[in-house]
Amino acid sequence: ALHPAVPFIFVTGTLGEDVEKLDISGDAQNLSIVVRYPNRMHGHVDETELQLRVPARAQLSLDAVSADISVTDTSGSIDAKSVSGDVQLVVGSGEIKASTVSGDLSVKAPAYKTSLNSVSGDLTAIGVRGAITADTVSGDLSLDGGAFKTLKLQSVSGDLQLKLGLEDGGTLSAETL
């Protein structure tokens, strides 16, 4: 029987046929889960899908290549990066850092410290507040948040859509080229 006070991490899913191994290492404080492909792999690889169940307050650092990242129902800080994939976070986290090179990034959270970046994709943030830095090179930026102390927003070739408040003495820097 599982004891409810002991934090467990459950890993389920399917590995693509060309996966060399699923490497799980670390301890109760710092766990690493890596899908390993042979070094000679280039081009198309079979799809791998992993579902992780972690303690609600776990801090997450997620990196993906040619894959989407989706996180729900957690409240620990999050650092999520995807190269060629979407990032979707629907969480209770206070601190969020997320980026994607080629994909859309969507955050719904009560975060008070947020950093979002996309090279080629849209950024959407709902419910964030406090401080945010968000930039996209080729994409739209939509922000529907609370009161902010500092905002730094940039879209090189895209629209900015803002629905928010500024705290007393708050600063807003927004630019689209």
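Because only heavy atoms are used, hydrogens play no part in the values below, and waters and symmetry mates are left out as well, while side chains stay in. Positions are given from 1, in the same order as the sequence printed here.
With no hydrogens or angles considered, no side-chain donor-acceptor pair links S93 and Y112 at under 3.5 Å.
Using modelled atom types, no side-chain atom of S138 and backbone atom of S157 make a donor-acceptor pair closer than 3.5 Å. Remark: the backbone N or O of T124 is not paired with any side-chain donor or acceptor of S142 at under 3.5 angstrom. In this structure, T176 contributes its side chain and D159 its backbone to no donor-acceptor pair below 3.5 Å. The closest donor-acceptor contact from the side chain of T133 to the backbone of K152 lies at 3.5 Å or more, if one exists at all. S155 places a side-chain N or O within donor-acceptor distance of the main-chain N or O of G139, the cut-off being under 3.5 Å. Side-chain N or O atoms of D122 include one that pairs as donor or acceptor with a backbone N or O of D140 at under 3.5 Å.
Distance CD/E49 to OG1/T14: 6.0 Å, rounded to 0.5 Å. For the atom pair CG of D135 and CG of L141, the computed distance is 8.5 Å after rounding to the nearest 0.5 Å. For the atom pair S77 OG and K113 NZ, the distance stands at 10.0 Å (nearest 0.5 Å). To the nearest 0.5 Å, atoms NZ (K97) and CG (D79) are separated by 5.5 Å. Taken from CD in Q88 to CG in D68, the straight-line distance is 9.0 Å, to the nearest 0.5 Å. The CG atom of D73 sits 9.0 Å away from the CZ atom of R53 when rounded to the nearest 0.5 Å.
Connection of L123 to L160 is established within a shared hydrophobic cluster, with ILVMFWY side chains joined at heavy-atom distances below 4.5 Å, either directly or through further cluster members. Cluster annotation: I78 is connected to V54 through the hydrophobic network of ILVMFWY side chains, with a link wherever side-chain heavy atoms come within less than 4.5 Å. Linking ILVMFWY side-chain heavy atoms closer than 4.5 Å, directly or via other members, places L164 and L116 in a single hydrophobic cluster. Side-chain heavy atoms closer than 4.5 Å link hydrophobic residues (I, L, V, M, F, W, Y) into clusters, and following such links, possibly through other members, connects V35 to V71. Residues V91 and I126 do not share a hydrophobic cluster, defined by chaining ILVMFWY side chains whose heavy atoms lie under 4.5 Å apart.
Closest of all the heavy-atom pairs between G16 and T48 is N-OG1, 2.9 Å. Looking at every heavy atom in both residues, S25 comes nearest to L31 through O-CD1, 3.2 Å. Between S75 and R57, the shortest heavy-atom distance links the atoms OG-CG, 3.3 Å. S82 and A67 make their closest contact through OG-O, 2.5 Å (heavy atoms, listed as atom of the first residue, atom of the second, distance). The nearest pair of heavy atoms linking G85 to T100 is O-OG1, 2.6 Å.
Counting non-hydrogen atoms of neighbouring residues, nucleotides and ligands closer than 6.0 angstrom, the CG atom of D168 reaches no more than 12 such neighbours. Counting heavy-atom neighbours within 6.0 Å of E17 CD, excluding the residue itself, gives a total of 12 or less. Around atom CD of E175, more than 12 heavy atoms belonging to other residues, nucleotides or ligands sit under 6.0 Å away.
F148 places none of its side-chain heavy atoms less than 4.5 Å from the side chain of L162. The shortest distance between side-chain heavy atoms of L153 and L172 falls below 4.5 Å. The shortest side-chain heavy-atom distance between L50 and L22 falls under the 4.5 Å cut-off. Looking at heavy atoms from C-beta onward, N30 lies in side-chain contact with D27 at the 4.5 angstrom threshold. By the 4.5 Å heavy-atom criterion applied to side chains, T136 and V156 are not counted as neighbours. Side-chain contact between Y37 and D18 is present, with heavy atoms from C-beta onward closer than 4.5 Å.
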| query | I132 and L143: side chain to side chain contact (heavy atoms under 4.5 Å, CB included), yes or no, with the steps? | reply | CA-CA 10 Å; I132 187 170; L143 177 57; 4.1 Å; yes
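Only one option out of L62, D23, L52 pairs with I33 in a side-chain contact (heavy atoms from CB on, under 4.5 Å); it is L52.
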